[in-house]
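As the structure is a prediction and not an experimental result, all values here were calculated from the model. Within every chain, numbering begins at 1; the chains are lettered A, B, ... in the order of the sequence lines, protein sequences first and strands thereafter.
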There are 2 protein chains.
Amino acid sequence: MSDNSSVVARLRKLISEGHYPPDERIAELQVAEELGVSRTPVRLAFRTLEQEGLLVRVKSRGFKVRHFTEQDIVCAIEVRSVLEGLAARRLAEQGISPQVLTALEQCLDDGQAVLANGHLNHDDVATWARVNSRFHGLIVRATQSDVIADALARNNHLPFASSDSLLVDSDHLEREYQKLVVAQQHHVLIVQALRGGEGSRAEMLMREHAYINIRYGRLFGLAYPLADVSR
Amino acid sequence: MSDNSSVVARLRKLISEGHYPPDERIAELQVAEELGVSRTPVRLAFRTLEQEGLLVRVKSRGFKVRHFTEQDIVCAIEVRSVLEGLAARRLAEQGISPQVLTALEQCLDDGQAVLANGHLNHDDVATWARVNSRFHGLIVRATQSDVIADALARNNHLPFASSDSLLVDSDHLEREYQKLVVAQQHHVLIVQALRGGEGSRAEMLMREHAYINIRYGRLFGLAYPLADVSR
DNA sequence: GGCGTGTACTTTGGATCCAATAAGAAAATA
DNA sequence: TATTTTCTTATTGGATCCAAAGTACACGCC
């Protein structure tokens, strides 16, 4: 807590929760008082958040909260799509280690276990989120490339760009179950391609996989306050 | 100059020139004195540079200069490759405006003019760099997506990831000329694909185009001090 | 002579102070 | 009454100060 990175994290949260509305200027002093710290850590955090893409610099008068359109969200998912695709291709082509392969297969088993009941409950959703996060993280880290990992991490700071954004719609659990079944199938095929060293296929599958929330039409109606979204 | 962004720019330059050696800790006070400013703007700049990937945070003791391996440089180019590929695909699929098309064709003409002599001189190289930069910038901006543009911009902060890094080898001007001829051909084909709305083809061409410095074997022997590079 | 503890120093993180500047409000003039 | 000019105020950028933490060195003890 003595570290200013917590200020970054707290601000990230507050922004994506809409506490600071999009497109509105955000003052250092006000934030500092609300967080109970001085201006200094806030100023530092602003620079970080700016680079993460959550704040934009206004001509010569501080920062304002970035507003995202539906288009932006789609783009962020597309960016993740090509970057994770790249990671999968690299991993397949450079060869996957037995350790990583074992870990990925464990993810497949764990994922299968979640879906075994034929329906979803709350714990299932949480478990799947963990397994899914582990799966994606494993592939990226296995490429051993900090450059790719960083590019992905930065993109994932944008709200709903991350593969962790499950967007589970508790009103349509049936449909959500179908989505996870498809996701699980994707995972199986991706591991298959990785094991077989099929770079292009791994990339293609991973790219398609990233679109799952778009394909399943659960992209909008988000908690995050989009700028000009009506529906 | 009164803006601290100049500190960021100056530091970026100093780092990529090797004034601060890779993998070595970088102290706020020392930098502040060298730049003739106080610690505050340096501290702010460090946060920006960290997000840009030029500095890495050391456990709880400030920052050190990031070191890049050959592998990292290749990865950065691959990242640019897939991102510019994405931009090209989007642009082709969403349809390219007549204005942008005209501007791109102007780039093609200008590029052709540079190569018309059959050989390169110093001015030619500079001109081509400008035209090339304009060409790539046009395509990215035409997608109207800040998210993609930002992802690219961040990646381009890594040394030699940017398409502006021509890496012209004045000792082998003949080979460099051949490289630019190929690049020009790529540009022509890319515009063709964009005009025809062929998204996949545009993406594929753009991705290949990004690899030109790798294909032409002029990737290493760089000014930037790589960590463990012998050749 | 080696190892451990303690102290001094270096360096970062946070708070406050001061100056520059831009925005906003009020007043004066046309 | 509208417009322009000036003054006040809010807010950022830079500098300095203080506290906390970590490192290194030295001294002492085993």
Side-chain angles (χ1 to χ4, degrees), chain A residues 1-15 18-67 146 150 153-154 157 227, chain B residues 1-15 18-67 150 153-154 157:
Chain A
M1 183 172 289
S2 59
D3 196 329
N4 104 306
S5 63
S6 76
V7 172
V8 174
R10 281 200 283 170
L11 262 176
R12 224 185 265 138
K13 192 159 182 290
L14 285 172
I15 291 173
H19 183 263
Y20 297 107
D23 236 358
E24 212 164 85
R25 271 196 49 212
I26 183 168
E28 293 173 358
L29 192 60
Q30 183 197 346
V31 173
E33 281 171 359
E34 287 188 20
L35 297 189
V37 294
S38 84
R39 273 180 59 215
T40 306
V42 175
R43 288 174 70 183
L44 294 172
F46 276 15
R47 298 314 192 286
T48 299
L49 271 334
E50 179 198 17
Q51 291 300 112
E52 286 184 2
L54 289 177
L55 298 181
V56 293
R57 208 178 271 264
V58 48
K59 35 206 168 223
S60 70
R61 209 68 192 153
F63 296 90
K64 66 174 184 175
V65 178
R66 171 121 171 235
H67 78 266
D146 289 342
D150 286 357
R154 283 189 303 242
H157 280 133
Chain B
M1 184 173 289
S2 60
D3 196 326
N4 105 307
S5 64
S6 76
V7 172
V8 174
R10 280 200 284 169
L11 263 176
R12 223 185 265 138
K13 191 159 181 291
L14 285 172
I15 290 173
H19 183 262
Y20 297 106
D23 236 0
E24 211 163 87
R25 270 195 50 210
I26 183 168
E28 292 173 359
L29 192 60
Q30 183 197 346
V31 173
E33 283 170 358
E34 287 188 19
L35 297 189
V37 294
S38 84
R39 274 180 58 216
T40 307
V42 176
R43 287 174 72 182
L44 295 172
F46 276 15
R47 298 315 193 285
T48 300
L49 272 333
E50 179 198 18
Q51 290 301 110
E52 287 183 2
L54 289 176
L55 299 181
V56 293
R57 209 177 271 263
V58 49
K59 40 210 168 211
S60 70
R61 208 68 190 153
F63 297 89
K64 65 173 185 177
V65 178
R66 172 127 171 229
H67 78 267
D150 286 357
R154 283 189 304 241
H157 280 133

Steps toward side-chain contact (heavy atoms from CB on, under 4.5 Å) verdict (B:L14, B:L35)
CA-CA 11 Å; B:L14 285 172; B:L35 297 189; 3.9 Å; yes
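Under the side chain to side chain donor-acceptor pair (under 3.5 Å) criterion, B:Q51 pairs with no residue, sequence neighbours left out. Under the side chain to side chain donor-acceptor pair (under 3.5 Å) criterion, A:D150 pairs with B:R66, not counting sequence neighbours. Residues passing the side chain to side chain donor-acceptor pair (under 3.5 Å) test with B:E34, sequence neighbours excluded: B:Y20, B:Q30. Shown here are the side chain to side chain contact (heavy atoms under 4.5 Å, CB included) partners of A:L29, two or more places apart in sequence or in another chain: A:E33, A:R39. For the side chain to side chain donor-acceptor pair (under 3.5 Å) test, residues two or more places apart in sequence or in another chain that qualify with A:R12 are A:E52. Residues passing the salt bridge (Lys or Arg N to Asp or Glu O under 4.0 Å) test with A:R154, sequence neighbours excluded: none.
Rounded to whole angstrom, the span from the CD atom of A:E28 across to the C1' atom of D:dT12 amounts to 6 Å. Rounding to whole angstrom units, NZ of residue B:K64 and C1' of C:dT11 are separated by 18 Å.
Within the structure, every pair that satisfies the ring pair (Phe, Tyr, Trp, His ring centres under 6.0 Å) test and touches residues 29-50 of chain B, not counting sequence neighbours, is listed here: B:F46-B:F63.
The B:R25 side chain lies nearest to C:dT12 when the options are D:dT12, D:dG14, C:dT12.
Within the structure, a side-chain polar atom (N or O) of B:R47 is placed less than 4.0 Å from OP1 or OP2 of C:dG13.
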Pull out every protein N or O sitting under 3.5 Å from an N or O of nucleotides 15-17 of chain D, one pair per line with the distance.
{"from": "D:dA15", "atom 1": "OP2", "to": "B:S38", "atom 2": "N", "distance (Å)": "2.7"}
{"from": "D:dA15", "atom 1": "OP2", "to": "B:S38", "atom 2": "OG", "distance (Å)": "2.7"}
{"from": "D:dA15", "atom 1": "O5'", "to": "B:S38", "atom 2": "OG", "distance (Å)": "3.4"}
{"from": "D:dA15", "atom 1": "N7", "to": "B:T40", "atom 2": "OG1", "distance (Å)": "2.6"}

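In the helix from C:dG1-D:dC30 to C:dA30-D:dT1, the terminal helix axes, each the rotation mapping four pairs' C1' atoms onto the next four within five end pairs, subtend 0°, rounded to 10°.
Contact annotation: side chain of A:R61 to base of D:dT11, donor-acceptor pair present below 3.5 Å.
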